[in-house]
Participant: 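The structure is given below, and queries will be raised subsequently.
Because the structure is predicted, anything quoted here is derived from the model rather than measured. The figures that follow rest on heavy atoms only: side chains count, while hydrogens, waters and symmetry mates do not.
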Amino acid sequence: MSFIVLAIIAVATASSLQAQTLRVMAPATVSEGQQFTVRFEVNDRASNFKGPSFKGFSTLSGPGTSTSSSMSVVNGRVSHETHTTFTYLLLADQIGTFNVGGASCVVDGKTISSEPFTIKVEKGNPQQQQAQQQQQNRGGWGDPWGRQPQSQPQQPATIDSKSLFAKASINKSNLYQGEQAIISYKIYTQVPVQQYQIDKLPGNKGFWAEDLSEGKQIKQYEETIDGRRYMVAEIRRGALFAQESGHLKIEPLNLDVLALVQQQRRRTGTIWDLFDDPFFNPQQAVQKHLTSNAINVNVKPLPPAPDGFYGAVGSFDVSGGVDNAEVKANEAITYKITISGSGNLMLINEPQLNLSNAFEVYDPQVKDKINRNDGGISGSRTYEWVVIPRTQGEYEIPDFSFVYFNPASGQYVTKKVAAVPLKVAKGDANAMQNVSSAKTDVKLINSDINYIKTGNAGFGQKGRSASPAWWFWTGLVLIVVASVVTVAVGRKRQAARKDVAGMRLRRATREARRRLKQAAKHLKDGNDNAFYEEIYKAIWGCLADKYNIPLSTLSSDTVRDILASRQIDEDKQKLILQTLADVDFARFAPGDSASKKQQIYDEALEMIASL
């Protein structure tokens, strides 16, 4: 009896272990242009399947899920068996050896994973492929009235590299260090594109980059290349400023595109070929990975710079002056310099203001008005200095020289702000007490000696000292307490400013809810573009601040990796990634109904609340 019990336990354990295995069934070698299937099987019911990325292959369909159950009765004993299968239909469109990562799913509350595997794509044999195709045609050419094949009535859709591709272009490939260049990334397509997603942003080593397409509609137009007409969508546009000289390389942009392709019926040589019409052929969604071209740029160094050059490269003008040319000593005035034009405004170093010792000068306040449009970066940057004259007299704020490099002419240009005469009158006597060696003579008014005190003098008894009143001690204690509190608060604020991640975390939800409030307003007004833009910024901004992800590296893959590394609940991961996909799709293909937009809004609200 003990042996039987142990045997039963062993069989049950073996069955349980078998159910926890995710098996892969895939060919080790396929031919170029061949369609094949990859299946993942589990001997149990499974959910939350996450497939691998089939880079190097085109995904024609999948993952398709099927579940089968069987029951058997042997010697009066009933046994049940369940299988779950996840199937992909792929196309081998590149020659090479490709590594495919593992998949995962959830069985009985536990996550199981498959092993990675490798598929080798070899050059195909055209005669062998033709023979296989003829063998699949039941009717053949000799039977014009033969039945149309029922197993494979239609040929899976594919996209060739000339029908859909990505291209990067730059307006200048030979430029000076610091000069502005405009780069654009475009999708060229002859098939309808349902959605796209940037997989990897290009590496811009050696450049300062500014995004010019943020918050703007995607531009679409038609263009003819080598006699073929394409629909072009500019998906990203940026301004680049080279920070070093030499030969620099701009890395490609990687993205995934989901396109709708018309399925073609297989030619059978029968009367059914008469129905080979787009009306009878449905569209199929095909995912394709695109990579733009890399760009090589030659950057020339700047010639030796004269005095007054603060790193400005472009075309600029300068203006400025004081807000009041007649003041009293110890009264503050504002000296302002405004640099306007187009170029590397954000990279200009702080100008130096050289004044005499009669003035006290504070660090300038910087105000930017930056415009980002298709032509690049333009606008203005204003420096405002607070200047306090300490002694009376007539002074002059010297002229201000601003030097910039004009890449169009290849020369330095000097712009000047004229000198400003300043008349300083005598100020408040109390404020003048702290003035150091005066540069003007101090004249006494009325007489050389003034009475210290007039009237009857009061005398007290010698040897007795008055005790400080109670309010003196109270005030002293309050001053000490206030000083301690001020120091503590200051240190706390200083620590908070250094904690960039903490600051982003604290503002994440607040900023996201503010944008959702704006999105709700646009939803009510029917402004679709503004609605989707606010939803998009709310979600991506919240994720970037919540998990301290740099905006330059923010993508779906980055978010997926961060969520997995922080062991976020799988349901929450699924909600976040699904919401991102829905919003990206809606932004690329607008025109949804009000109920669909309300659904997008509710999903975004639920996702941000879950964070």
Participant: Output yes when a side-chain donor or acceptor of Asn293 lies under 3.5 Å from a complementary backbone atom of Ala168, and no otherwise.
Facilitator: yes
Participant: Would you confirm whether the ring centroid of Phe309 sits within less than 6.0 angstrom of the ring centroid of Phe405?
Facilitator: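 Ring centroids of Phe405 and Phe309 are no less than 6.0 Å from each other.
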Participant: Atom OH in Tyr196, atom CG in Leu164: separation rounded to 0.5 Å?
Facilitator: 13.5 Å
Participant: Quick check against the 3.5 Å criterion: does Tyr412 have a side-chain atom that pairs as donor or acceptor with the backbone of Pro303?
Facilitator: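 Yes, the answer is positive, given that a donor and an acceptor are paired below the 3.5 Å cut-off.
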Participant: Write out all pairs satisfying salt bridge (charged side-chain N to carboxylate O under 4.0 Å, His left out) with one or both partners inside residues 339-367, taking only residues at least two apart or from two chains.
Facilitator: Glu360-Arg390, Lys367-Glu384
Participant: Would the distance check show the side chain of Asn344 and the main-chain N or O of Gly311 forming a donor-acceptor pair, the cut-off being under 3.5 Å?
Facilitator: yes
Participant: Kindly determine whether Ser213 and Asp211 satisfy side-chain hydrogen bond (donor to acceptor under 3.5 Å, both in side chains), including the steps that lead there.
Facilitator: CA-CA 6 Å; Ser213 56; Asp211 187 10; 2.9 Å; yes
Participant: So, Asp323 side chain and Thr334 main chain: donor-acceptor pair closer than 3.5 Å or not?
Facilitator: yes
Participant: Name all residues meeting the side-chain contact (heavy atoms from CB on, under 4.5 Å) criterion together with Ala239; count only those two or more places apart in sequence or in a different chain, and write none if there are none.
Facilitator: Gln180, Ile182, Glu210, Leu212, Phe241, Ile377
Participant: Distance-only, no hydrogens or angles: does the Thr486 side chain make a donor-acceptor pair with backbone N or O of Ala482 under 3.5 Å?
Facilitator: yes
Participant: Any side-chain to backbone donor/acceptor pair from Glu534 onto Phe531? Under 3.5 Å, distance only.
Facilitator: no
Participant: Using the benzene-type ring in the case of Trp, are the ring centres of Tyr230 and Phe165 under 6.0 Å apart?
Facilitator: yes
